[in-house]
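One structure below.
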Amino acid sequence: MTTPSDDVLVSVALAREALAGVPDDGWDRPAGTLTWTCWEVVEHAADDLFAYAAQIGVPDPPVTAYLPIAYRSQYDGGPVSTVFVERSGGTLGLLRTLSACAAMLAGAVTLAPPSRRAYHPYGVSDAPGFAAMGVVEVLVHTFDAAAGTGVAWTPPADLCARALDRLFPGLPDHPDPWELLLWATGRRALPAHPARSEWRWDGRPLHERA
């Protein structure tokens, strides 16, 4: 049986496989339609995994705010993060950092009791919720980086479907979970459904939603 922690690790393994061939000097292109570079979106995904691990990994997490871990931007308009990767580490260093942060989240999710809840602005969530958030961040930001670097990227349908089922209630019917996830996160249109200009998931546990 696939666990939420498994999904986090699989998503990152697939991302690493897709992006491993990007040369060290090939990361500074815009990431798809975003203003960030391909390097920055992967760095951001690693930072999200780290932040989610921190939130759900302590025995008494806050439910009204993030943990008071310092974060900053390296330049005006740049991503605000805790995790930054030295450019001298190149592609391998960037992807190893992504794996390290995924391992932190997978471990925190595995160890957290079912009753544990922690803050996220899109809904106070439980461990499987934070795992699904991590999966979405990895999948869509790998899509962004792949678009910018010319890499083909299509993750497995079942992995996408589990993240959708956990975080995105009320979506339109569509046969392809990957295309639906890209629509849900504002990255493409679907037939009869224009691309979303604003979006958010619902991180609350399924049984706690009204």
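V138 and L92 fall into different hydrophobic clusters, where Ile, Leu, Val, Met, Phe, Trp and Tyr side chains are chained together by heavy-atom contacts under 4.5 Å. The cluster map of Ile, Leu, Val, Met, Phe, Trp and Tyr, joined by side-chain heavy atoms under 4.5 Å apart, puts M104 and V42 in different clusters. Y52 and L111 fall into different hydrophobic clusters, where Ile, Leu, Val, Met, Phe, Trp and Tyr residues are linked whenever their side-chain heavy atoms come under 4.5 Å apart, directly or through other members. Cluster annotation: L9 is not connected to L105 through the hydrophobic network of ILVMFWY side chains, with a link wherever side-chain heavy atoms come within less than 4.5 Å. Residues V124 and W201 do not share a hydrophobic cluster, clusters being chains of Ile/Leu/Val/Met/Phe/Trp/Tyr side chains in contact below 4.5 Å.
One finds the CG atom of L206 at 8.0 Å from the CG atom of D126 (value rounded to the nearest 0.5 Å). A distance of 11.5 Å separates CD of E17 from CG of L95, quoted to the nearest 0.5 Å. Within the model, atoms CZ of F130 and CG of D48 stand 11.0 Å from one another, a figure rounded to the nearest 0.5 Å. Rounding to the nearest 0.5 Å gives a distance of 11.5 Å between NE2 of H120 and CD1 of I56. Here the straight-line distance linking atom CD of E43 with atom CD of Q74 works out to 6.0 Å at 0.5 Å rounding. Rounded to the nearest 0.5 Å, atoms CD (E137) and OG1 (T142) are 10.5 Å apart.
Judged purely by atom type and a 3.5 angstrom limit, E208 has no side-chain atom pairing as donor or acceptor with the backbone of P205. Side-chain atoms of Q55 come within 3.5 Å of backbone N or O of Y119 as a donor-acceptor pair. Listed for the R116 side chain is no donor-acceptor partner under 3.5 Å among the backbone atoms of A127. Put simply, the side chain of R117 gets close to the backbone of P114: a donor and an acceptor are under 3.5 Å apart. Here the side chain of S73 pairs no donor or acceptor atom with the backbone of V80 at under 3.5 angstrom. Checked by atom type and distance alone, the side chain of S81 never pairs as donor or acceptor with a backbone atom of F84 at under 3.5 Å. Between the side chain of R209 and the backbone N or O of D202, at least one donor-acceptor pair lies under 3.5 Å. The backbone N or O of G203 lies less than 3.5 Å from a partner atom in the side chain of R166, making a donor-acceptor pair. Side-chain atoms of W199 come within 3.5 Å of backbone N or O of T185 as a donor-acceptor pair.
What you find for A152 and A18 is that their closest heavy atoms are O-CB, 4.4 Å. Nearest heavy atom pair, residue A131 against residue V109, reads CB-CG2, 4.0 Å. Considering all non-hydrogen atoms of both residues, A108 and A53 come closest at CB-O, 3.8 Å. Listed here is the closest heavy atom pair of V83 and A46: CG1-CB, 4.5 Å. R196 approaches A184 most closely through the heavy-atom pair NH1-O, 3.0 Å. Considering every non-hydrogen atom in both A106 and S5, the closest pair reads O-OG, 2.9 Å.
For the pair L67 and P62, the minimum side-chain heavy-atom distance is below 4.5 Å. Considering only heavy atoms from C-beta on, R29 comes within 4.5 Å of T149 through its side chain. You'll find the side chain of T2 reaches within 4.5 Å of the side chain of R162, heavy atoms only. With contacts defined as side-chain heavy-atom distances shorter than 4.5 Å, the pair V12/L49 qualifies. A 4.5 Å side-chain heavy-atom check between I69 and F50 finds at least one atom pair inside the cut-off. Looking only at side-chain heavy atoms (C-beta outward), R96 and V85 stay at 4.5 Å or farther from each other. Contact check for L167 versus M133: side-chain heavy atoms found under the 4.5 Å cut-off. Looking at L159 and S11, their side chains come closer than 4.5 Å, going by heavy atoms from C-beta outward.
Aromatic ring pairs are classed by plane angle as parallel below 30°, tilted from 30° to 60° and perpendicular above 60°; the pair W39 and W27 is perpendicular.
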Legend entry - side chain to side chain contact (heavy atoms under 4.5 Å, CB included) between L14 and W153, worked out: CA-CA 9 Å; L14 293 169; W153 167 245; 3.9 Å; yes
Inset, instruction - Show your reasoning for whether side chain to side chain contact (heavy atoms under 4.5 Å, CB included) applies to D6 and T3. - result: CA-CA 5 Å; D6 292 335; T3 69; 3.0 Å; yes
Inset, instruction - Assess whether ring-ring contact (aromatic ring centres under 6.0 Å, His included) is satisfied between H193 and W183, documenting all intermediate values. - result: CA-CA 8 Å; H193 297 283; W183 178 83; 5.7 Å; yes
Inset, instruction - Show your working on side chain to side chain contact (heavy atoms under 4.5 Å, CB included) between C160 and L139 and close with a plain yes or no. - result: CA-CA 8 Å; C160 300; L139 296 185; 4.0 Å; yes
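Using modelled atom types and a 3.5 Å distance limit, the side chains of D47 and H44 yield no donor-acceptor pair.
Shown here is R87, whose CZ atom has more than 12 heavy atoms of other residues, nucleotides or ligands within 6.0 Å.
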